[in-house]
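These numbers were taken from a predicted model, which means no experiment stands behind them. Basis for what follows: all heavy atoms, side chains included, without hydrogens, waters or symmetry-related copies. The residues of the chain are indexed from 1 along the displayed sequence.
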Amino acid sequence: MRRIHVIGIGAGDPEHLTLQAVNAMRDTDVFFLLGKGEEKQELIDLRQEMLATHAREGHRVVEARDPDRDRTPARYASEIDQWRRARADIYEALIRDELSEDGHGAFLVWGDPALYDSTLAILEEVLARGTVAFEYTVVPGVSSVSTLAARHRVGLNRVGRPFQVTTGRRLAEGWPAGVDDVVVMLDARHAFSLLPPEERAELDIYWGAYLGTPDELLVSGPLDEVAEEIERVRSAARDRKGWIMDTYLLRRRDTAAEPAGDDAGGGES
């Protein structure tokens with residue numbers, strides 16, 4: 001039976017690799033790398049450096065081009081379904097044609113495979129087709145969300161309160177109900193600038209780009225005061241590198257004392 005490892009490799013710092021990730025790399029015969037064009041070749045290079053350090057001798061690397069998709073489609077769900085089917089075609093061919101029937105392959109996933117990444121869903125789609133059989137395991141990774149919080153030295157939640165992780169597309173539709181702390185990923189259009197002025201005036205932002213890499217950028221402060229700086233820094237970085245990966249936390253300012261609660265300091269349950 002073919003076996004696939006889906007390995008979370010962190011936000012960009014090679015030291016984000018966990019011992020479990022390193023062990024999975026050493027158990028892998030063939031690594032499948034999907035590139036997104038020349039502007040992200042440095043991301044391929046970073047993964048290659050990780051493999052040179054941790055993968056066993058004799059491993060192979062097979063590269064494929066990630067299918068393009070419309071980032072601003074009129075019908076978002078339809079576009080995503082089409083893109084995932086195209087990606088599933090590539091995964092299916094890679095596993096079938098490049099991995100022996102008893103071989104071990106791996107996909108290296110930025111951040112954590114369980115958080116805003118399509119790899120697991122696409123592998124399930126390939127299995128459902130029934131054309132190639134394999135088992136797969138998932139190795140969790142350090143996400144850009146946890147890296148952002150660590151770099152800004154802030155907690156994601158406050159005492160007795162939930163927080164929400166969402167996308168820029170969703171934030172552009174309005175502030176989520178019932179939360180004061182929102183982490184935003186996959187934001188291509190500065191969705192925080194689309195919030196009503198009265199909401200922006202109540203918010204602090206903790207923003208980061210290229211987290212964990214030598215090009216890391218960090219800005220924080222009252223949203224009204226630093227929004228233009230973030231847009232300027234972000235645009236300049238994108239023009240310079242040709243791509244950007246950023247994440248941010250929006251936090252509604254609170255002048256009242258926080259209530260005590262069961263989760264006041266005991267860690268995860």
*Answer yes or no: is there a side-chain heavy-atom contact under 4.5 Å between L34 and R87?*
yes

*asked:* Would you say the ring centers of W110 and Y116 fall short of 6.0 Å from each other?
replied: no

*Between atom CH2 of W207 and atom NE2 of H152, what is the distance when rounded to the nearest 0.5 Å?*
8.5 Å

*asked:* Measuring only between side-chain heavy atoms, which start at C-beta, is T119 closer than 4.5 Å to P113?
replied: no

*Using atom types as modelled and distance alone, determine if a side-chain donor or acceptor of H54 lies under 3.5 Å from a backbone N or O of V22.*
no

*Excluding sequence neighbours, so at least two apart, what forms salt bridge (charged side-chain N to carboxylate O under 4.0 Å, His left out) with R56?*
D29

*Do any N or O atoms from the side chain of E216 and from the backbone of G212 form a donor-acceptor pair under 3.5 angstrom?*
yes

*Can you name the salt bridge (charged side-chain N to carboxylate O under 4.0 Å, His left out) partners of R240, sequence neighbours left out?*
none

_Side-chain touch L51/L108, heavy atoms, less than 4.5 angstrom_ = yes

*Shared ILVMFWY cluster between L148 and V109, side chains joined below 4.5 angstrom?*
no

*From I9 atom CD1 to D112 atom CG, the distance as rounded to the nearest 0.5 Å*: 12.0 Å

Please report, to 0.1 Å, the donor-acceptor pairs under 3.5 Å made by any side chain of residues 168-180, with sequence neighbours excluded.
{"from": "R170", "atom 1": "NH1", "to": "E173", "atom 2": "OE1", "distance (Å)": "3.4"}
{"from": "W175", "atom 1": "NE1", "to": "V179", "atom 2": "O", "distance (Å)": "2.9"}
{"from": "D180", "atom 1": "OD1", "to": "R252", "atom 2": "NH1", "distance (Å)": "2.6"}
{"from": "D180", "atom 1": "OD2", "to": "R161", "atom 2": "NH1", "distance (Å)": "3.4"}

*Roughly how far, to the nearest 0.5 Å, is the CD1 atom of I244 from the CG atom of L217?*
7.0 Å

*Nearest-0.5 Å distance, CE of residue M25 to NE2 of residue H59*: 9.5 Å

*Of all residues at least two apart in sequence or in a different chain, which pass the side chain to side chain donor-acceptor pair (under 3.5 Å) check with S100?*
D102

_Atom pair CZ (R251) and CG (N157), whose distance is rounded to the nearest 0.5 Å_ = 8.0 Å

*What about V159 and L249, same hydrophobic cluster or not, with Ile/Leu/Val/Met/Phe/Trp/Tyr joined at side-chain heavy-atom distances under 4.5 Å?*
no

Table please: side-chain donor-acceptor pairs of residues 182-201 below 3.5 Å, with sequence neighbours left out.
{"from": "D187", "atom 1": "OD1", "to": "R189", "atom 2": "N", "distance (Å)": "3.1"}
{"from": "D187", "atom 1": "OD1", "to": "H190", "atom 2": "N", "distance (Å)": "3.3"}
{"from": "D187", "atom 1": "OD1", "to": "A191", "atom 2": "N", "distance (Å)": "3.3"}
{"from": "D187", "atom 1": "OD2", "to": "A191", "atom 2": "N", "distance (Å)": "2.8"}
{"from": "D187", "atom 1": "OD2", "to": "Y248", "atom 2": "OH", "distance (Å)": "2.5"}
{"from": "S193", "atom 1": "OG", "to": "H190", "atom 2": "O", "distance (Å)": "2.6"}
{"from": "R200", "atom 1": "NH1", "to": "S193", "atom 2": "O", "distance (Å)": "3.3"}
{"from": "R200", "atom 1": "NH1", "to": "L195", "atom 2": "O", "distance (Å)": "2.4"}

*Are S118 and R84 linked by a side-chain donor-acceptor pair shorter than 3.5 Å?*
no

*Is the Y91-F107 ring centre distance short of 6.0 angstrom?*
yes

*Validation row: L99, I4 side chains within 4.5 angstrom (heavy atoms)*: yes

*Mind jotting down which residue pairs meet the side chain to side chain donor-acceptor pair (under 3.5 Å) criterion with at least one end in residues 14-26? Sequence neighbours excluded, please.*
none

_Pairing residues for A106 by the side-chain contact (heavy atoms from CB on, under 4.5 Å) criterion, not counting sequence neighbours_ = H5, I7, T28, F31

*Who pairs with D204 by side-chain contact (heavy atoms from CB on, under 4.5 Å), at least two apart in sequence or on another chain?*
Y206, P222, R253

*Quick one: does I95's side chain get under 4.5 Å of L123's, heavy atoms only?*
yes

*P14 side chain reached by L46 side chain, heavy atoms, under 4.5 Å*: yes

_Greater than 12 external heavy atoms within 6.0 Å of R153's CZ_ = no

*Among all residues two or more places apart in sequence or in another chain, which pass the salt bridge (charged side-chain N to carboxylate O under 4.0 Å, His left out) test with E225?*
none

*Is it possible for you to say whether M245 and V142 belong to one hydrophobic cluster, with membership spreading through side-chain heavy-atom contacts below 4.5 Å?*
no

*Taking all atoms of both residues into account, what is the closest heavy-atom pair of L156 and A149, and its distance?*
CD2-CB, 3.9 Å

*asked:* Suppose we screen for side-chain contact (heavy atoms from CB on, under 4.5 Å). Which residues come up paired with R96, at least two apart in sequence or across chains?
replied: E92, A93, V132

*So do M1 and E101 actually touch side chain to side chain, heavy atoms under 4.5 Å?*
no

_side-chain contact (heavy atoms from CB on, under 4.5 Å) against E63, all qualifying residues, sequence neighbours excluded_ = L33, I44, Q48, V61

_Checking D215 now: which residues fulfil salt bridge (charged side-chain N to carboxylate O under 4.0 Å, His left out) with it, not counting sequence neighbours?_
K241

*Looking at CG of L127 and CD1 of I122, how far apart are the two atoms once the value is rounded to the nearest 0.5 Å?*
12.5 Å

*asked:* In this structure, would L211 and V233 fall into the same cluster of hydrophobic residues linked by side-chain contacts under 4.5 Å?
replied: no

